[in-house]
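Some notes on the structure that comes next.
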There are 2 protein chains.
Amino acid sequence: MSATLKDIAASTGLSVTQVSRALNDHDDVSAETKIRVREAANALNYRPNLSARKLASGRSGIVGLVLPPQDRTPRDSMFVQMVRGLSGAFSRRGRLFVLHAAEEGEDVVAVHRRLIDGGSLDGFVLIEPEENDPRVAYLRRRGVPMVMHGRGAAKPDYPFYDIDNIAVGRELTAMLLRAGHRRIGFVNGIAATCYAAHRRTGWEMALREAGIEIDPDLHEHGQMIESVGALATLRMMNGEAAPTGLIAGNMLIAKGIYNALSMLGLKVPGDVSVVVHDDMLPGEDLMSLPASSGTRSALALSWEPLAQGLIGAIEGKPLAELQQLGGFEIVEAGSIAPPNR
Amino acid sequence: MSATLKDIAASTGLSVTQVSRALNDHDDVSAETKIRVREAANALNYRPNLSARKLASGRSGIVGLVLPPQDRTPRDSMFVQMVRGLSGAFSRRGRLFVLHAAEEGEDVVAVHRRLIDGGSLDGFVLIEPEENDPRVAYLRRRGVPMVMHGRGAAKPDYPFYDIDNIAVGRELTAMLLRAGHRRIGFVNGIAATCYAAHRRTGWEMALREAGIEIDPDLHEHGQMIESVGALATLRMMNGEAAPTGLIAGNMLIAKGIYNALSMLGLKVPGDVSVVVHDDMLPGEDLMSLPASSGTRSALALSWEPLAQGLIGAIEGKPLAELQQLGGFEIVEAGSIAPPNR
DNA sequence: GTAGCACCCCGAAACGGTTCGGAAATTCTC
DNA sequence: GAGAATTTCCGAACCGTTTCGGGGTGCTAC
């Protein structure tokens with residue numbers, strides 16, 4: 001059905017070898033021949049057979065991602081977003097991106113193993129890094145290329161793309177400090193995640209530099225959902241020394257914070273200032289949120305560097321080139337005022 | 001790295017041919033040999049190379065699904081659910097399920113084409129059927145097996161799994177008719193979808209059988225989200241002859257209906273009866289909904305039949321065996337009372 | 001004139017499976 | 001006990017691609 005190299009060879013009068021080399025742009029094929037071959041390939045509607053390619057060269061051009069088994073609903077929408085983004089980024093680079101979902105209770109490493117043994121994938125995008133990630137250990141042992149979205153250590157020994165979350169935490173805190181706040185609360189992401197730890201570090205650094213003692217009651221770890229933001233706010237504002245400024249780990253938390261403050265009859269920024277880190281997740285129903293100051297870094301910006309990083313890893317580029325750090329913007333949009341207490 | 005047939009052959013003293021046949025359970029291999037081969041395969045930790053298999057036999061054991069490009073957020077969560085379910089169903093059958101997302105604006109047929117030409121997939125699960133589905137036409141032309149979730153015609157000529165949505169529409173309407181209602185509104189799914197059309201047909205049939213004239217103002221097509229349910233309710237209840245019973249296409253619509261009724265100061269079931277078809281989508285924040293009567297059919301029940309259908313199609317089973325219809329339950333849980341007007 | 005060098009090309013082997021046709025060993029049949 | 005049938009096995013070809021090693025031009029340099 002589909003045309004093969006043999007067909008092109010027959011149609012051009014060349015050997016299969018030379019056709020293959022022409023299509024792969026090797027340098028011992030004359031320019032004229034390359035053109036001729038490409039035209040023939042086009043005319044015959046040729047598409048390389050990835051299975052055959054994988055078998056012969058060890059590379060299929062297919063990369064994958066394993067969706068972790070737990071389904072925490074708020075993230076599902078982000079997953080779809082991510083799959084779309086990565087699909088596009090890889091297909092622009094002539095690769096095929098594919099996703100496989102681990103089953104509830106299935107061992108994630110075993111799933112990777114199954115995919116590698118199947119012998120169809122060239123490498124993996126990993127998400128949700130852990131400190132000493134067993135997936136990384138396994139893939140390294142098998143010599144399978146990978147790239148991590150985020151990182152599990154300050155300076156990991158594997159390819160990754162991440163933003164400087166220490167700087168994010170620092171900047172968010174600094175924005176409030178500059179307005180004169182000294183009691184600054186932080187509703188952060190899940191404690192186990194590295195990015196939340198980094199942001200916490202940034203928060204602590206900024207406070208310490210300003211000569212402010214760190215009050216652990218003003219920090220909260222939790223899922224990045226509305227209810228966590230609301231609960232943490234209610235707790236902190238009812239505490240002994242209520243904060244005058246609040247930091248939200250993302251927009252959903254911010255939504256919870258705004259709701260809780262409104263329940264308490266507190267105005268933003270009159271009574272409480274709020275800053276937020278915005279991942280710019282589309283589709284979330286956040287129209288209703290007032291404009292907020294803070295940091296901003298679209299999650300969608302990570303797909304391209306991730307694809308680039310994984311392909312680099314597959315092609316054997318040195319580690320230094322495969323560890324990329326993304327930036328973030330600073331947004332000034334109201335929601336900050338000097339403290340009134 | 002990974003063991004191959006050759007290794008097993010060497011370790012058992014058999015030929016590669018016989019090892020292959022033993023592992024694939026052919027009938028000209030002695031029982032004793034089969035056992036011996038399987039043990040050796042186990043000991044060597046053998047996994048078949050899917051690329052090689054695909055090349056030799058035309059089948060890799062990998063099947064896929066292409067995620068349509070539009071991202072309507074309410075469905076994203078369902079997609080993830082579905083991917084998880086299908087992954088499990090196929091892996092239980094020794095197949096690998098994989099997902100590829102089409103990019104915004106990309107032609108869905110072209111994406112399938114790319115995946116087929118790549119020569120790694122055996123078949124596809126299709127979702128969101130259209131009337132004369134171009135994907136079906138293309139796959140049929142290429143001879144690629146498929147199974148549809150839902151169907152694009154009353155009696156399609158391709159494998160599918162669906163529930164009897166005419167019966168659903170009929171039963172929901174009948175439940176209200178039995179309680180004495182004669183003005184029954186229906187907030188249905190998107191007009192272009194086949195299941196919504198079927199349910200509408202069921203609604204019309206039930207009304208007609210009861211000798212009630214059909215009032216098009218009492219029917220609404222729209223996305224299955226809360227706001228659609230609320231808006232439709234407000235419109236209908238403010239109409240000239242407000243309905244005394246309402247049918248919700250799913251739980252999110254029901255949520256909108258309950259909210260709107262509560263805004264209008266109407267009680268359920270005192271003032272208005274409500275029935276709903278429940279897909280039992282997990283993760284939706286529906287705890288707050290009062291228990292409702294209606295029909296119920298878990299979406300999660302479709303993954304197994306779909307996997308079975310696609311594998312059947314790949315193995316060349318006759319069409320009749322590949323067209324499956326699922327059932328639904330009837331739920332009596334209050335929310336219905338005789339009309340008070 | 002020939003050694004050296006680009007440049008362009010090709011045959012054959014390999015990747016890891018499946019499958020076809022035949023062959024050896026065993027059992028059955030009369 | 002010969003021939004047929006059955007069971008169990010194997011060699012070889014093949015799927016579509018890449019890659020290794022070699023080979024034949026034609027040109028330059030001495």
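Throughout, protein chains are lettered first and strands after them, A, B, ... in sequence-line order, and every chain is numbered starting at 1.
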### Query
Does one side chain, of S20(A) or T17(A), offer a donor that lies under 3.5 Å from an acceptor on the other?
no
#### Entry: Minimum-distance nucleotide (side-chain atoms of R21(A) versus dT17(D), dT19(C), dT19(D))
dT19(D)
#### Entry: L55(B) CG - dT17(D) C1' separation (whole Å)
8 Å
### Message
Please confirm whether the ring centroid of H112(B) lies under 6.0 Å from the ring centroid of Y138(B).
### Response
no
### Task
Round to the nearest Å and state the distance from N24(B) atom CG to dG17(C) atom P.
11 Å
### Query
Nearest-Å distance, CD1 (I8(B)) to P (dG17(C))?
8 Å
### Task
Decide, yes or no, whether a salt bridge links D117(A) with R142(A) under the criterion of side-chain N to carboxylate O below 4.0 Å.
yes
### Summary
Judged by nearest nucleotide, the residue sitting upstream toward the 5' end of DNA chain D, Y46(A) or R36(B), is R36(B)
### Query
With a 4.5 Å limit on heavy-atom distance, are the side chains of E106(A) and P69(A) in contact?
no
### Task
Send over the distance from K54(A) NZ to dC15(D) C1', rounded to a whole Å.
18 Å
### Query
Mapping D28(A) and V16(A) onto DNA chain D by nearest heavy atom, which one lands closer to the 5' end?
V16(A)
### Message
Categorize S57(B) for me: base, sugar-phosphate, or nothing, with a 4.0 angstrom heavy-atom threshold over every strand shown.
### Response
sugar-phosphate
### Query
Is the side chain of K54(B) donor-acceptor paired with the backbone N or O of L121(B) at a distance under 3.5 Å, no angle test?
yes
### Task
Send over the distance from L5(B) CG to dC10(D) P, rounded to a whole Å.
13 Å
### Message
Please tell me if T4(A) has a side-chain N or O lying less than 4.0 Å from either OP1 or OP2 of dG16(D).
### Response
no
### Query
Rounded to whole angstrom units, what separation is found between the CZ atom of R53(A) and the P atom of dT19(D)?
10 Å
### Message
Does L14(B) reach a base, just sugar-phosphate, or nothing at all? Heavy atoms under 4.0 Å.
### Response
sugar-phosphate
## Note on the structure
Closest to the side chain of A52(B), out of dT18(D), dG16(C), dC10(D), is dG16(C)
### Task
Check every strand shown and say whether T33(B) touches a base, only sugar-phosphate, or nothing at a heavy-atom separation below 4.0 Å.
sugar-phosphate
### Task
Check every strand shown and say whether T17(A) touches a base, only sugar-phosphate, or nothing at a heavy-atom separation below 4.0 Å.
base
### Task
Write down the distance between CD (E32(B)) and C1' (dT7(D)), rounded to a whole number of angstrom.
14 Å
### Task
Identify whether any heavy atom of S30(A) sits under 4.0 Å from a base atom; if not, whether one sits that close to sugar-phosphate; answer base, sugar-phosphate or nothing.
sugar-phosphate
### Query
Is the closest basic N to carboxylate O distance between R151(B) and D162(B) below 4.0 Å?
yes
### Task
Round to the nearest Å and state the distance from K34(B) atom NZ to dT7(D) atom P.
12 Å
### Query
For dC9(D), does either OP1 or OP2 sit under 4.0 Å from a side-chain N or O belonging to Q18(B)?
yes
### Query
If you check every side-chain atom of S15(B), which of dT17(D), dG17(C), dC10(D) has the closest atom?
dC10(D)
### Message
Using a 4.0 Å heavy-atom cut-off, does N49(B) contact any base of the nucleic acid, only the sugar-phosphate backbone, or nothing at all?
### Response
sugar-phosphate
